[in-house]
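Worksheet: one structure, shown below.
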There are 2 protein chains.
Amino acid sequence: MADKPKRPIPGQNHVSAQQVADRAGVSRSAVSRAFTPGASIGRETRELVMKAAEELGYQVNDLARGLLARQSRLVGIIATRPEVGFRGHLVAALSKKLIARGSLPVLLNTGDTPEEMQTTQNMLLGYRPEATIVLSGSPPKTILEGARRTGAPLVLIGRSEPGTDSVLPDNISAASLAAERLVSRGAKHIALVGARIATETIVERERAFLAATERLGFKARVARGADANYVGGEEAAQVLFGEATPPDGVFCVNDLLAMGIVDHARFAAGRQVPDDMTVIGFDGLPEAAHGAYRLTTFFQDPAKVAAKAIELLDRRQANPAADPVLERLHLGFVEGATG
Amino acid sequence: MADKPKRPIPGQNHVSAQQVADRAGVSRSAVSRAFTPGASIGRETRELVMKAAEELGYQVNDLARGLLARQSRLVGIIATRPEVGFRGHLVAALSKKLIARGSLPVLLNTGDTPEEMQTTQNMLLGYRPEATIVLSGSPPKTILEGARRTGAPLVLIGRSEPGTDSVLPDNISAASLAAERLVSRGAKHIALVGARIATETIVERERAFLAATERLGFKARVARGADANYVGGEEAAQVLFGEATPPDGVFCVNDLLAMGIVDHARFAAGRQVPDDMTVIGFDGLPEAAHGAYRLTTFFQDPAKVAAKAIELLDRRQANPAADPVLERLHLGFVEGATG
């Protein structure tokens, strides 16, 4: 059966790529390349194809497309820098659980440039996943809109949107607990280390921590790295330890930032952690538990986050009209050696 | 066009799921669940369905299946624990580059149990990827055979098989250089830290290092962790530092092991690194560059490894009969603070 002719699929539009090629005066293969992201094709040829396609009402017909629209088991996982920190663990957990439910996890790394973002977007639309899961990090709104346009269930992790199912860690309780902990450890000069790449979950942690320190009668200094990673922690540390009174209690909105702070404090600023300074992180990454850090932090279990996201997806598939929910997941406090 | 009837796809077998259901005396939905990994179905019902399916010569017809067999742009990335160490970076780089070439990267996390492995295998076969990339780590041979049975190009990373395209780091040169480096730093009691989970790339590093130390007139002690990770490094350290003469020069087959060794040496065995002991790792992970470690290591660039794997895939698609190649990628020596 594999050698049957490639006839049009029933139920699809019948403008063929060959008709587009004829009208544009190019080869069939040029039409294919024009619609393939990353394929080599001259700009002029591409424009001829696009013009003819528009005139004829041609839509890319990936063969599978119409079928996939109804029946695909592809689930898109959209992430920017899917290898960094907690995201790496979450992607692995999602992949494992999606496979267990019979879905095919497609890892859509949005890349770093607008072009890469656009390509990801187009692929998502072209292949019509049965569902899309968008992770925190910062894929822009256009990606969310694209995911919504697929018409398939959409679940957000670490971010929320009105009318959309989402899973968020209980940032507010954890950040408040961090503030109380720093104060109870005797910190007088409290600092918050955040990031200028302000994802929703980071902003929540920042705000909740500042509100809690204020309630406790402290005014926390704020230092932010460009990104929410180790280098960002070092950047924030340079600011904080460059000031007249260095901090003696620091809450970092994730573990990578906290590791940058701890290393800078110890190796550049000559401070002892925890003797001179209490440090609390967020995520509970395996590296944060290494002997070199033994970071005090809040653990979010990637397996539980993934399971909850898929539970929301199942629920939405079973009842497309259900009220959207925002699930908050509790975090485990990890008493380490830094505070 | 989305509301056309769901008729059989041309070119597919015409035994329908309904016919199987009728013969088995079960519902159409039970047939569907019987063929869906992870779906809820009683054992007896499942057996009735399977028997009827076999008698009628029914094959799962995922709708997309026959079409995908010729036209899918799905590329399977098969990995065990895709979040750990270098693999996390490689998966992200592969995803980015596959999207850029117009392919959809499907991340197949093989899981940890034989059942999960089997489910992954079945999905791979059912969805007929245009190609499969299998990473190091230890998906068993059955997965490789499954990938081969798809008939699509197969590329291995960090492992090799006769007749199959593969990309491997230049383990032999790097491990030999590590041995020379330890000797030139004055090490007299040399140790090799490996792992009992013996992937091809780990075994190569181990063998090349032992051969090089022998050539240099040394006999290296060998300690292995159960797994090639941080905990494995701690396990190996317990053995090495429990002996009468602790090592003064250690090569670890990856950075995670090396971080476990360094931390145990410093915090449990009371040794100074590098004053008492030179440590060299492998991979050049971002964490290995943290101030707490500044590990001397060999850097493999995930973007370059991914690009080379996709180059082999392109070549194989263009010429299915080309001779298989094994590409060796050069590693950059990173002079850190541990040796």
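What's counted below: heavy atoms across the whole structure, side chains too, no hydrogens, waters or symmetry copies. Computed from a predicted structure; not experimentally measured. Residue numbers begin at 1 in each chain, while the letters A, B, ... track the order of the sequences.
Partners of F86(B) by ring-ring contact (aromatic ring centres under 6.0 Å, His included), not counting sequence neighbours: none found.
Residues of residues 256-264 of chain A placed with any heavy atom under 4.5 Å of a heavy atom in chain B are listed by number as M259(A), D263(A).
Among pairs with a residue in residues 283-292 of chain B, those fulfilling side chain to side chain donor-acceptor pair (under 3.5 Å) read Y293(A)-H290(B), D283(B)-Q300(B), at least two apart in sequence or across chains.
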Quiz: residues 90-98 of chain A side-chain donor-acceptor pairs under 3.5 angstrom, not counting sequence neighbours:
| from | atom 1 | to | atom 2 | distance (Å) |
| --- | --- | --- | --- | --- |
| S95(A) | OG | L107(B) | O | 2.7 |
| S95(A) | OG | N109(B) | N | 3.2 |
| K96(A) | NZ | D112(B) | OD2 | 3.1 |

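Residue I77(A) does not touch chain B at all, counting heavy-atom pairs closer than 4.5 Å.
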